[in-house]
Amino acid sequence: MTNKIETAKTDTVLSVRDLRTEFRGDRGPVRVLDDISFDVGRGKIVGLVGESGSGKSMTALSLMGLVPKPQGHVSATRMDLDGTDLAKLSPDGLRRIRGRDISMVFQEPMTSLNPVRKVWEQVGEPLAIHQGLKRRDIRARVLEMFEMVGIPDPKARLDAYPHQLSGGLRQRAMIAMGLICEPKLLIADEPTTALDVTTQAQILRLMQDLRDRVGTSIILITHDLGIIAEMCDEVNVMYAGQIIEQANVFDLFERPSHPYTRGLLASIPKATEQRSSHRMPSIPGMVPNLAKLPPGCRFSPRCGDAMPICLQKEPGLADLGRGHNARCWLHLPHDATTQREAS
Ligand code: SF4
């Protein structure tokens, strides 16, 4: 854990409250995100971590206004990006903000890049859209960005096509595109998963360096707890469409308070084991089907600490102090009668 932590959120770039995303299903709406609330401080790196299907990427798509419509529906009490409520923006308003104030880097850059267009034209596209710059000026700015993100021989790489770059260089180019309009917030969705270990480390160092130099706030989505420990200031652990624990990175690793988080941390392989196995450790059982959630706590079928009330009532978030919250009855007052009746 290399970052200095400040728990007081004095300067917040993003504030999300009660985010809910639903999709229409054959048997009615399925809520894929429920009661998502978190903040991102200016210049901070905030992690979203969880197994596949926990809702990490859906949270990003909901913030970006990229949830497919009309099947999907996003609502929130607030999604405030530095004074602009994303929840109240029209599709046109969201298009104006995307790439300028909030941008996203995806896991596999080849799926985001057009194979038949030169890289500089694509990386510079947000400048054409949002700032109306001339081609010559865009090209010069892309060159600056290529230098900044450490693309070797950047001038020669401007006219390359995506397939002529290695995976690491393509991801650097995507980060350059994400940052070219100096957004307030960059969302990086598993940005290093498709890369080899050495390139992974370079890209992560680059993101930290850019955060330090440019001050961009970053939401880092990953299932790798090692990356969370190295990179993040704050962490949100997601399970079955909810945030089940949130804390600064030190508290999360020192005082994990939700049985799911404890299980994840307990099953991290030792340093002597292969790096690739640092990915999301396995906990016995399966993530529930969101269309058929168990009654009570969503984690109860896999939880060794489950109490009778856990099978009856869904827990809210317990406030453990210093911004540390856990969605678990172990930390919430509950009615003993309910337990007696249930047992
Ligand atoms: Fe386990 Fe109960 Fe806490 Fe859910 S609420 S994580 S079942 S102890």
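Remember, it's 1-based here, ligands and their atoms both numbered in the order they're listed. Keep in mind it's a predicted model, so treat the numbers as computed, not measured.
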P259: numbered ligand 1 atoms lying under 4.0 Å from its heavy atoms: 1 (Fe), 6 (S)
Which of the ligand 1 atoms, numbered from 1, are nearer than 4.0 Å to a heavy atom of D305: 8 (S)
Option among T12, D82, T216 that satisfies the side chain to side chain donor-acceptor pair (under 3.5 Å) test with R42: D82
Distance-only donor-acceptor check, side chains R302 and Y239, under 3.5 Å: yes
Residue, atom name and distance, where the atom is the protein heavy atom closest to atom 3 (Fe) of ligand 1: C328 SG, 2.3 Å
Atom 1 (Fe) of ligand 1 [closest protein heavy-atom partner, distance rounded to 0.1 Å]: C303 SG, 2.3 Å
S300 and ligand 1 - part of the residue with a heavy-atom distance under 4.0 Å: both
Test item: I187 and L63 side chains (from C-beta on) under 4.5 Å apart, heavy atoms: yes
Atom 4 (Fe) of ligand 1 contact by C297, N, O or S atom under 2.8 Å: yes
Protein contact of atom 5 (S) of ligand 1 - nearest heavy atom, named by residue and atom, plus distance: W329 N, 3.2 Å
Salt bridge present between R117 and E125 (N-O < 4.0 angstrom): yes
D233 and R211 ion-paired at < 4.0 Å: yes
Sub-4.5 Å side-chain heavy-atom contact between L264 and I283: yes
Heavy-atom nearest neighbour in the protein, as seen from atom 6 (S) of ligand 1, with distance rounded to 0.1 Å: H258 CE1, 3.5 Å
Per atom 7 (S) of ligand 1, closest listed option by heavy atom (C310, P294, P301, A326): C310
Mode of R327 contact toward ligand 1 - side chain, backbone, both, neither (heavy atoms, under 4.0 Å): neither
Check ion pair E182-R141 (N to O, under 4.0 angstrom): yes
